[in-house]
Novice: 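The structure that follows is given in the form of structure tokens.
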There are 2 protein chains.
Amino acid sequence: MEKKNRTSLSQKWENQLSQAGYRITQPRRAILDIIAETERPLTPVEIFDLAGAQSAGIGLVTVYRTIEKLEELHLVEHVHHLGDCQTVFRCSEQHQHLLICTKCGSSYYFDGLEVEEQFNQIGKKFGYRITEHWLQLAGLCEECQKNNPKDRK
Amino acid sequence: MEKKNRTSLSQKWENQLSQAGYRITQPRRAILDIIAETERPLTPVEIFDLAGAQSAGIGLVTVYRTIEKLEELHLVEHVHHLGDCQTVFRCSEQHQHLLICTKCGSSYYFDGLEVEEQFNQIGKKFGYRITEHWLQLAGLCEECQKNNPKDRK
DNA sequence: TTGATATTGACATTCATTTTCAATAAGAGC
DNA sequence: GCTCTTATTGAAAATGAATGTCAATATCAA
Ligand SMILES: [Mn+2]
Ligand SMILES: [Mn+2]
Ligand SMILES: [Zn+2]
Ligand SMILES: [Zn+2]
């Protein structure tokens, strides 16, 4: 469900970065690949590690800078958990909401149209005109319910 | 709507801190008063400033430590905005959700029962068993809609 | 009033992120 | 391809938020 093809996604991102006037470098490519292919929010350090940045001589700073660019182009977003607000995940094309597994972290977007209609009503009760909303669900994914947790690779 | 009486609230908190075995000190009292009487989420530094801590010789560290205690007793909670995850606001008695004004910050709790029922359904679609949810609404409060923004005092 | 000790503020430390800067590599134009 | 401008890089230093250390002090139970 909403699985993305790794190569095509990071390829698409490269194009968008190029079009925005940014250069495609080897460090960037490695970082893009990891973020694009991972089905869960990652911290900068996790991205650094998974990209093999250490051994490839890539600096953690470059991870931060690449995230910055991707965020600017709305290709990734920061995900806020309860105790952790610095993970990064690829954006959904449209405005959507996240559903996150509390055990393995695997995440999906959903639109939530069925509830969004009600937000304005709730606001109205308090005299507010709602302009933003933030909805995130968490629980156990199918795999993790089977007590067969996905690897946190 | 859900306005709290300042004195009785910080008084109540003092009792709870006492009962939990913590001592009531002057610095703590000043910090408690500010958090209890302010109708919007505050950063530790804002609390420090509003409490006149600087001039009273109270350290910022004490603000952090007091927040820690209040959080432990579920009297305050951290509020996450889009770009800001370190503000603190008094808790609602029950599990509720926040409605925050984007202009002046004034905040209210609402229960959201009308939407919560649907969260499980959404999860089910993806095979998830929902255990947590996070809903927060933001917009312009009545005052700020009148272009008469409340003071951020 | 007394005494054990929780709490305090100053200071040092950690940890995440940002800034600075000289060296390097990307890629547009030829 | 080659050249040249300059965006990008990694190392190192700087910042900012939060936490730990510690001796002095204030709280509050007895
Ligand atoms: Mn939405
Ligand atoms: Mn709820
Ligand atoms: Zn899972
Ligand atoms: Zn957050």
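Keep in mind that what you see is a predicted model, and the values were worked out from it rather than measured. Below, chains carry the letters A, B, ... as their sequence lines are ordered, and counting in each starts from 1.
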Novice: Among D:dT5, C:dT7, C:dT19, which nucleotide has an atom closest to any side-chain atom of A:Arg23?
Specialist: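 The nucleotide sitting nearest to the side chain is D:dT5.
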Novice: Tell me whether B:Glu114 is salt-bridged to A:Lys125, with the criterion being a basic N under 4.0 Å from an acidic carboxylate O.
Specialist: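 Yes.
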Novice: If each of B:Val63 and B:Gly21 is mapped to the nucleotide of DNA chain C with the nearest heavy atom, which maps nearer the 5' terminus, i.e. the 5' end?
Specialist: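 This one resolves to B:Gly21.
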Novice: Nearest-nucleotide wise, let me know which of B:Pro44 and B:Thr25 is further upstream toward the 5' end of DNA chain D.
Specialist: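 Looking at the nearest nucleotide for each, B:Pro44 comes out on the 5' side.
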Novice: Roughly how many Å is it from CG in B:Asp84 to P in D:dA17, rounded to a whole number?
Specialist: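 In whole Å, D:dA17 P lies 10 Å from B:Asp84 CG.
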Novice: For the ring pair B:Tyr64 and B:Phe48, is the centre-to-centre distance below 6.0 Å?
Specialist: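 For B:Tyr64 and B:Phe48, the ring centres are not under 6.0 Å apart.
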Novice: Quick one: does A:Ser55's side chain have a donor or acceptor within less than 3.5 Å of a partner on A:Gly52's backbone?
Specialist: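 Yes.
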Novice: What integer distance in Å separates B:Glu14:CD from D:dT27:P?
Specialist: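 About 12 Å, once rounded to whole Å.
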Novice: Between B:Tyr22 and B:Glu72, do the side chains contain an N or O donor and an N or O acceptor separated by less than 3.5 Å?
Specialist: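 Short answer, yes.
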Novice: Measure from the ring center of B:His80 to the ring center of B:Trp134 and say whether it is less than 6.0 Å.
Specialist: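 Between B:His80 and B:Trp134, the centre distance is under 6.0 Å.
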Novice: Please give, in whole Å, the distance from D:dA17 C1' to B:His80 NE2?
Specialist: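 Rounded to the whole Å, the gap is 15 Å.
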Novice: Would you kindly give the OH-to-C1' distance between B:Tyr64 and D:dG16, to the nearest whole Å?
Specialist: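 In whole Å, D:dG16 C1' lies 9 Å from B:Tyr64 OH.
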Novice: For the pair made of CG in B:Leu17 and P in C:dT8, what is the distance, rounded to whole Å?
Specialist: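 Atom-to-atom, B:Leu17 to C:dT8, this comes out as 10 Å.
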Novice: Take atom CD of A:Gln86 and atom P of D:dA17, then tell me their distance rounded to the nearest Å.
Specialist: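 After rounding, the gap between these two atoms is 15 Å.
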Novice: Using heavy-atom distances to pick each residue's nearest nucleotide on DNA chain D, tell me which of B:Glu68 and A:Lys69 is more 5'.
Specialist: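 So the residue in question is A:Lys69.
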Novice: Between A:Glu71 (CD) and C:dT17 (C1'), how many Å, whole number?
Specialist: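 Distance check: A:Glu71 CD to C:dT17 C1' gives 13 Å.
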Novice: Please determine whether any donor N or O and acceptor N or O are separated by less than 3.5 Å between the side chain of A:Arg65 and the base of D:dT8.
Specialist: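 Result: no qualifying N/O pair found.
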Novice: C:dG27 C1' sits how many Å from A:Arg29 CZ, rounded?
Specialist: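 It works out to 12 Å between those atoms.
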Novice: Quick check on DNA chain C: between A:Gln26 and B:Leu60, whose nearest nucleotide comes earlier from the 5' end?
Specialist: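 This one resolves to B:Leu60.
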Novice: Taking 4.0 Å as the cut-off, does a side-chain nitrogen or oxygen of A:Arg28 come that near to OP1 or OP2 on D:dT8?
Specialist: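 It does, given that an N or O in the side chain of A:Arg28 lies less than 4.0 Å from OP1 or OP2 of D:dT8.
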